[in-house]
Every structure is written in C-alpha cells, then in structure tokens.
Amino acid sequence: MLVHVPGPWSPLLGRLALSEIPYKNLILAPLFVLIVLVGLALVGWITKRGLWGYLWREWFTTVDHKKLGIMYIFLGLVMLFRGFIDGLMIRTQQMLAVGPGDNGIKAMGAIHGYLTPFHFGQIYSAHGLIMILLAATPLLVGLMNIIVPLQIGARDMAFPYLNALGFWITAAGAALIMISLFVGDFSHNGWFGYAPIFEMSYSPGVGVDYWIWTLELIALGTTLGSINFLATVVKMRAPGMTWGRLPVFTWSAVSANIIALTSFPCLQVALALVGADRYLGTHFFTAGFGGNLMLYTNLFWLWGHPEVYFVILPAFGMLGEIIPTFSEKPLFGYVAMVLATFAIAGVSWIVWLHHFFTMGMGPYVSTEFSVATMLVGIPTGVKVFNWAFTMYRGRISYTAAMHWALGALFLLLIGGLTGMMLSIPAINYMVHNSVFVVAHFHMMLLCIVYAVFGAVIYWWPKVFGFRLNEAWGKIMFWLFSAGTALVFIPMFMLGFMGETRRLDWPFDPHWAGLFDVQEFGIAIYVLSVVSFVVLLFVSIRDRAKERVGADAWGTSRSLEWLTDSPVPFYNFAMVPEINARDEVAWRREHGFLDIRPDHYKAIHMPNNTPVALYIGATLFLLGFALTWRIWWLSGIALLATVALMIWRSAKGDPGYVISAEEIARLDREARQKMPVDGGDTVPVGGFAGGQIMAYSREVSDQDRSHRGPKSW
Amino acid sequence: MSHGHVNPIDHPEVQMASRRGYMTGFILASVLMALATFLVSSHALPPFALLLAIMACAGFAVIAQVYFLLHIDISEHNIWNTVALVAFIPLFVITIGLTWWMFSQLYLRTMPMIPGMPGMH
Amino acid sequence: MSSSETVVDPDKVRLWSEDYEGHDVISTRTFGFWMYVLSDAMLFATLFAAYGVLSYPHSYYTGPTPAQFVAPWYTFVQTMALFLSVLVYGWAMASLKDGNKSGVINGLLGALVLGILFLALDIHDVMRLVAAGITPEVSGGLSAFYCLTQVHAAHIFAGLIWIIVMLWQVARKGFTEDVVGRLISLRMFWQFQAVMWVFIYVFVYLWGYMS
Ligand code: HEM
Ligand SMILES: [Cu+2]
C-alpha cells in the first residue's frame, strides 16, 4: 500500500534528517537566526513583564468571539506580512534576472538573479497560498467573528468552543507552512498545484506534502467556522431582528459562509486525493494507469472559484457598512443589495471552468461557462451602482476608512472589467497563464485588502474604544495606492507583451524597464507597511485623545454601535429589541440612543478552555508527522486529537452565570468611563456633527422618569 | 441560554422521533434496494431501461429516508433543515453534473473511441 | 425604510427585550450539525464527480472493472445491515421520548452491533478483492472505486466510536441537555450514512456491475 519514498527513511524520524535543515542557505539561515532572536526577545519580554498568565487566561484559552476575532486578524496581518516579503522577493528576482545576458549571483547558487529556480518556485507557491488562505481569509473571518454577533444582538457565536477550535486549527496550518521554511522545503508547483508534477515521481521531496496538509488544516478550520456563523445567524438573532433588518455585512457573511461550507469539502477531497496518490500509490491524477490530470484541476477550481467569492463577499459587506456611515444616508437599495449578494454566491458555483478554458472540452462547455462568468457582472454592477447611489447627494466625509472603501470600489472596477475580458474564451486562450491574469486577480484581492483596511479603521474604535489616527491612515492609503498602481499597471502591460506567469528568468530584455517600475512600486509598498506601523504606534500613543463612546462615528447605523466601545465581554447588558432596519440610526433619530436599560437579567457565559489550543497543537503535529512520514507520531497525534475531543465532550461546559446586580454594576461603570457623545469626539469630517444634532432631541424629564438609571 | 431548567426530553426535536416513521422509511428503502439488486443481478431489462429503473429506485429510497428518517419536512422545527437541504441540492447536482458533462465532452475530443463504450454522460 | 416621518411614542417603544429567554440550545446545536452533514454530503458529491470521470473503460487501464468483481447480493446484505442499524438507532430515539434509559442503551447497542457487522462485511469484501490482486494501485478507476466505498466505511467507523462514546455518556450522565443534543446529532449522522450508502450501492456497486 504505502508508496516507497526515494532517499533515506527511518522508522523513528521518517524522512527527517539534519540535512533537511537549510543551514547553508544564504537567505534562510540568517532569517532563521533573526527569527530565533526576535522570538527569544519576545519570550524574554513577556516573561519579564509576567504576562504569560495573562496571555493564557485572556487569549490562548479564550472562547470569546471578539478576542478570537482579534487573534484571527493578528494572524492574518502577520501572514500578510510574510506573504508581502515573498512578493518582494519574487519582484526582486524578476528585476534582477531579466534578459538573456543575466548570469545570476553565483555566490547564492543562482543561475539567474539571486534565487535558484527551485527556491523561486517555493516562494511564489507560498506567496499565493498564504495571501489567499492565511492572510485574506483570516482577516475576513476575524472581522466577521467580531462583528456578526454584535450586529444581530447575540451574546457570542452559537458554538464558542468550536469557534476557538476553528481558530487554532487555522493557526496550526499557518505554523505548518512557516516551519516549512526551515525544515525541508515547500511545494514549488504553484499555490494551486499542477498535476501530475505534484506526483511522487516528479516531486519526490516533502514540499508537496507540506502543501497538502497546510491546506487540509486551513480547510478544516474554515469549515468549522462557517458552520458556526450560519448557526449563529439563523438561530441567535435578537428579538425583532428579522431577516429584512439584518445588516448587509451580516447578510454577506451568511452568503460567504454558505459558499465556504459547500466549497471547502471540494478542496479537502482534491487534496486528499493528491495525498492518496503520493502516500498510497493510487492513480487519481497520474499521467497513465487510467488517471486523469485534468480531474485535479477541475476539483481544485470547483473549490477555487467559489473561494474567491467567499473572500470578496464579506469585503462587499464591509463597503456596505462603511459607505452609508460616511455618506450619512441609509444604504441605497437594501433588498437589491441582498439579492445581488446571493446572486453572486449562486453564480459563483457554475463558473469554475473559466480557470481552465484551455483544457479542450470544446465549444459547448466553454460557452456555458463563459456566459455564466459574464453573468456575475450583473449583480456586481447592481452593487456598485447601489454604493454610488448611496453616496449620491449624501454628506460624504472623506475619512481614512472612506478612502479605503473608495479605493476598493476603484479596484473592483478594474478587476471586474479585466475579469470580463478573461471570461471570453477567445481572449482567454491568448492571455491564459500570462501575468495579465495575475494582475486581474490581484486587483480583486487588493480590493479585499482595501476593504479590510477600511473595515479595520472603521471597527477599530468598537473593539478598542479609541479611533485610529486619521492622518496616518490616509498617508498609508496613498502610499499603498501608489504601490498598487506602480506594480500592477506594468503587470497588465507585461501580460499583453506576452510575459507568462511564474518566470524565474524573464528572458525578454524589452521587459526590463517595466520590471524596474514594479520594483519601485514594491519599495513604495514597503513605505506603506512602515506607515501602518506608525499608524498603530501613533494611535495607541494618543489613545486618550481619540477615546469614543458607543457610537464612535456619530453617523453609524447598525446594531454593533449600540453597545459600549470597547465592547464588554457579554456584548449587550440587556439583549436589545430591534425596531428598525438600521437600529442605531433609528434610535438616534428618535433620541433613544443614550437610553440604557433600567433593569438587568442574569447572563449565562461559557467558560474558557485550553482544549481547542491542544487540539490545534495535536493537529499541527499530525500534519508535520504525515509530511515527514513519521508513522508512530502520526498515530499518536491522531489518537491524542480524538481523545481530546472525547474528553472535552465528556467534561462538557456548564458555563457560569453573571448575576443581574453584577451586570448592573458593570454597565454603570462602563457608562461612567464613556466620553459624552456629541462632544468633541464625534465629528470626523464635514458636517457629521451637525447632522446628528438635527436628528437627536433632548431627552425629556418624562423619559428620565420612565427608563434608565440616572447616569447620563 | 437559560434552558437548563427545562427537561431536554420534552424538546420537540426529541419528541418528533417516531417508531412508525422509522419503520416505514426502513421498509421502503429496503424493498427498493432489493428490487434494484434483483433487476441488476437478473439483467431483467435492457441496459438503458435498467439504468433508469435503478436510478428511480435510488431516488425513491433516498426520498423515503430523508422524509421518514431525517424528518425533512416543513414543520416548524425542521423548516430550517429543510431550507438548507433545498438550498444545497442544486450544488450537489451542479458539482457532479457539470463535471461529468465537461469530461464527457473532453473525452469525446481526446480519447480514442472504443466501440460500444458504455457512456457515463 | 426611513422612519423619520413616523412618530414613535417613547413610552410604548421597547428598546430591550425583557422576556427573551435566550436561544434554543438543542436546536441550535442540531442545526449546526445539520450544516456539517450537508458539507459532508458535498464531500461525497465531489467524490462522485471524481468517480464519474474515472469510471470510463480507459480509466481501468488494463485492470478489471467492477463488472468483474462486484457481487450484488453480498453487498445487499451489507445494505441491510446498515439499514437495520439505522432502524435500531431510531428505536433508541423513540425510547428517548419517554426518557427510557435502558431502551436507549439497548438501541445504541443494537445499532453498534449491526454497524460492526456492516464494517466487517466491508472489510471481508476488501480482503477478497485484494487477495485477487484488485487493489487501488491498479488503475485510476479502481482508485476511485475504493476511495468512494472506503471513505464511507471510514464514516461508519467514526460513527461506531461515537456510538460507544454516547453509550458511556448516557450511562454516566443520563439525559442532560448535552447528551440529548448529541444523540439527535448522532441520529442525523447515522441516518445520513444510510442515505449516502444508497447512492454508493446503486451508482458504484450496481451500476458498476451492470456496465
Ligand atoms: C466580475 C467578476 C470576475 C470575473 C468575470 C473573473 C474572471 C476570471 C477568469 C476568466 C479567470 C481565469 C483566467 C485564466 O486563468 O485564464 C480568473 C482568474 C482568477 N480570478 Fe477572477 N473573475 C472575477 C472576479 C474575481 C474575484 C472577485 C476574485 C477574488 C477575489 C478573483 C480571483 C481570481 C483568481 C485568484 C484567479 C486566478 C487564479 C490563478 O490562476 O492562480 N476573480 N478570473
Ligand atoms: Cu474564477
């Protein structure tokens, strides 16, 4: 059954050997030293400050959806940085290696540029996988995690423990791909893998195995998360939160998670079958023995295309929250917006073949998939127009968040239009696998990144209680946008000039100038990364000045702005009753925004648990052991995982109860800490402040006698 | 979250279990499978009709199981399960159907045709 | 939906839900589990798609095709074992209705035994094929055949472990909210395996035997 591996193997260590650690590599060895030093410094710092207990209690074992969301976002940002460094290395290689005369830096063993082809292949494979699955996905899942329960008035997600499990499994996937840097190597077959190159006979190393198990772990974690989101929204909406009142971001989370739930199994199957070929010697995707290589491509994109909509729909949802807030108008065409979201989700299921039009299945099939792909443009167009009409005659304040949202719209336009071009088979045959495609999907993915940055700025005060620095947010935006333009406009041009993707040696000297421009763009991106760090630093330093109340922007509309900022761990002291579609806007209009509940009820909360973290750890071990074919360790890790699950299930979690008096006290304290709304913290730009004043009315004495402690 | 005081056995999803229903589902599915097995092993019908017949058996058996065993109906407590299933079924059909279709077209164009090749179109 | 025109009486409006009892824990859980079941169904759908592509004559390369090795009536016995196991599990759930603990335990035990029978028959069948040199390494077609049938068997195996766990939990803890919720989820899981088996039996075994 088991496939015989080329090279040494021992029962104890599997394929692992000292020689697998690239200590001679001029890039990896210093990097390793650097990471170890930084890691040690961090550990030392935490120990010195005595923070381990705090980290363990408040973060590692938490089941609180907000903290898990923050950890998801942190993971996403770290991986975004790693992916960015990969991108930088790819660009630098292409800039250096251009032209037939290039001889490469011999000291680094390179034939062209400074990277060996094998190393270059690993970098672009890791770049793609990380950016889509370990940067974009966790960032979006993290934001959904924080915001969705708040928007529907829930205390937490439906399954808090499952939520933690999803996070730690995703983190295990991230750890696995990170360790592949220093132990063995990573796949060099691109992020989506090429059949049959990933078969054992062509890729005998462990790289492909790392790739398989990383993807499997992330797929598992994301599937668990999507179950949780759907159950939460279906079963845990506060009274009065009818489907017709659901905020658009929550709607987009619903549609995205339906996509995730249905499409990630396809990825799991595709990768498991690759695994079967490599471990058990089956012939699913081999060239010969009745296998079919294109079947792999089919199964992969069966997940792959829905996945791209899994990542863009939440981004659309974020735009749907940011734009109305800073236009001071309700979202234009709510119903059309929701329907368009689901139309996109539906159509995303019948277009996957556009990723391999060139397979050769003939005109009938191509036509269907081409037309279906173009259909996506209709609901997408509806959305764009709805956003535009939301802004039309609104009082737009050009805040940093709004900058990012508008930038996202612009990128969506370019990405969508180039996508339309690609969906025409005749054009696709010309540009398929050229960097034109790469530029297309980077426009789309950057649209997501823009929306995420906008959303982080927008929801930051909700989570941390203070706003980020506006000026630095805008500086970062402009730097980032300059980088985007300088890298990707030349990339579109190079695509038309015939540059195929993934070239470690771009031989045509005419491309040299454009590569230099791209490298320059990357340098600007580096500046924007720096400005992001400055943004965080400055904002945290000045947090006292930017302290905000519940309704941080003064013009926000949906339910999450009703509860205090930062959100208390129980979310809402009393579950709100929903009266309108934009509940907070409605309460503001009628002057109810400052009214607090006048009595409270006991709250039942789940306990923290380290089991999710342990299971993440055992699954990481499982992935690592399988990669290196250490069978005994795989067995132990698997058994440990199952045992932990059974143990957790036997133990159960009775949770704990916070009494009504305690809630009353906490709520009073939170209220006292809050700056007064309508004071100097509200207006951000334009007429924001004036507008609210027009809406709100003084709370009369009569109201006072009817509700609320006299704390305002 | 404060359902601790209610006896979980009184929950409608417990109370909807039904010996009669489960028995009916079992009998229907078993009879249909026996029929399909008989048809196939005795080659009672020409191939294409046989195919249609066993597909019908499978279809009815699955419907019986989904209705009688899994309680997929439009009662208040099951409606969401039903909605979810109805939303997902098209995706199953698409996944399998479009894949088979595109590869049958591909094989038409790239594989040497073996006479009498049984189609999986 | 602009409500600025409508006059709202601040004394009548309800801002906080006084009588909200929280969500229904059991149905949230079973709904979540149903979501999982559907995603599992998608996993099988993908495997079926792969099987369809890999069950052309050329997919079997020079090796045997299912027509040469499937024994319909043998597999029918397997089918009955599984269906009966599911039925007996259903009886356990019916006993749960009146809080009949021994009824539940007996039902679970019966489901367990019949499930083991199913798995034993499956393993026996696989051993017969392997002894005849019909293994997944022979051809893409056989890989797909084994994959679909044995992934199902793996689900059965997982279900058996789960049944054992539930036996223990029912005996130890009685019918707590957690246990009852899990019993319902397990019912769906187990019944779903029977549904998938119908597809596998008809489209892999019987159809394979036919063509
Ligand atoms: C209007 C909507 C869109 C259309 C019409 C469209 C069309 C296409 C087409 C036809 C291709 C295949 C090009 C080729 O390989 O020859 C493609 C590739 C791609 N698209 Fe899109 N697309 C759209 C939206 C999106 C979105 C929203 C995303 C992601 C968020 C996205 C991400 C990608 C990716 C990642 C690839 C290529 C992946 C790879 O080959 O590595 N696209 N798109
Ligand atoms: Cu696509």
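We use all heavy atoms of the structure for the numbers below, so side chains are in, but hydrogens, waters and symmetry mates are not. Just so we're on the same page: letters track the sequence lines, and every chain starts at 1. Quick caveat: nothing in here was measured; it's all calculated off a predicted structure.
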Around atom CZ of B:Phe38, are there more than 12 heavy atoms of other residues, nucleotides or ligands at under 6.0 Å?
->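 Incorrect, the count does not exceed 12.
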
Can you confirm whether more than 12 heavy atoms, excluding those of C:Phe69, are under 6.0 Å from its CZ atom?
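Atom CZ in C:Phe69 is packed in, count exceeds 12.
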
With only heavy atoms counted, which part of [X] is less than 4.5 Å from chain C, the side chain, the backbone, both or neither?
X        : result
B:Ile94  : neither
B:Ala64  : neither
B:Met23  : both
B:Leu106 : neither

Do you know which of [options] has the most heavy-atom pairs with chain C at a distance under 4.5 angstrom?
options                           : result
B:Leu32, B:Leu39, B:Val62         : B:Val62
B:Asp10, B:Leu91, B:Leu85         : B:Leu85
B:Leu50, B:Ile9, B:Val66, B:Thr99 : B:Ile9

Which atom pair, heavy atoms only, marks the closest approach of [X] to [Y]?
X        : Y        : answer
C:His58  : B:Tyr107 : NE2-CZ, 3.4 Å
B:Phe92  : C:Ala45  : CD2-CB, 4.1 Å
B:Ala34  : C:Trp73  : O-CH2, 4.1 Å
B:Ala58  : C:Phe203 : CB-CE1, 4.1 Å
C:Leu206 : B:Ala36  : CD1-CB, 3.8 Å
C:Arg187 : B:Leu69  : NH1-O, 3.2 Å

So for [X], is it side chain, backbone, both, or neither that comes closer than 4.5 Å to the heavy atoms of chain B?
X        : result
C:Ser27  : both
C:Ala41  : both
C:Phe199 : side chain
C:Phe175 : both
C:Val195 : both

Rounded distance (nearest 0.5 Å) linking atom [atom1] of [X] with atom [atom2] of [Y]:
X        : Y        : atom1 : atom2 : answer
C:Ile184 : B:Glu13  : CD1   : CD    : 5.0 Å
B:Asn81  : C:Met188 : CG    : CE    : 6.0 Å
B:Ile89  : C:Leu38  : CD1   : CG    : 9.0 Å
C:Gln191 : B:Phe26  : CD    : CZ    : 13.5 Å

Tell me the residues of [range] whose non-hydrogen atoms fall below 4.5 Å from those of chain B, in number order.
range                       : answer
residues 123-133 of chain C : none
residues 30-37 of chain C   : C:Thr30, C:Phe31, C:Trp34, C:Met35
residues 141-156 of chain C : none
residues 83-122 of chain C  : C:Phe83, C:Leu84, C:Val86, C:Leu87, C:Gly90, C:Trp91, C:Met93, C:Ala94, C:Ser95, C:Leu96, C:Lys97, C:Gly99

- Under 3.5 Å, is there a donor-acceptor pair between the C:Tyr201 and B:Thr37 side chains?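 Per modelled atom types, C:Tyr201 and B:Thr37 side chains form a pair under 3.5 Å.
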
* Would B:Gln65 and C:Phe192 count as a side chain to side chain contact (heavy atoms under 4.5 Å, CB included) if you check the C-alpha gap in whole Å, the side-chain angles of each, and the deciding distance to 0.1 Å? -> CA-CA 9 Å; B:Gln65 287 180 325; C:Phe192 169 71; over 6 Å; no

- Under the side chain to side chain contact (heavy atoms under 4.5 Å, CB included) criterion, do B:Ser104 and C:Tyr56 qualify, and how do the steps go? CA-CA 9 Å; B:Ser104 69; C:Tyr56 284 76; 3.4 Å; yes

Most contact-rich option vs chain B, by heavy-atom pairs under 4.5 angstrom, among C:Val53, C:Val202, C:Thr28, is C:Val53

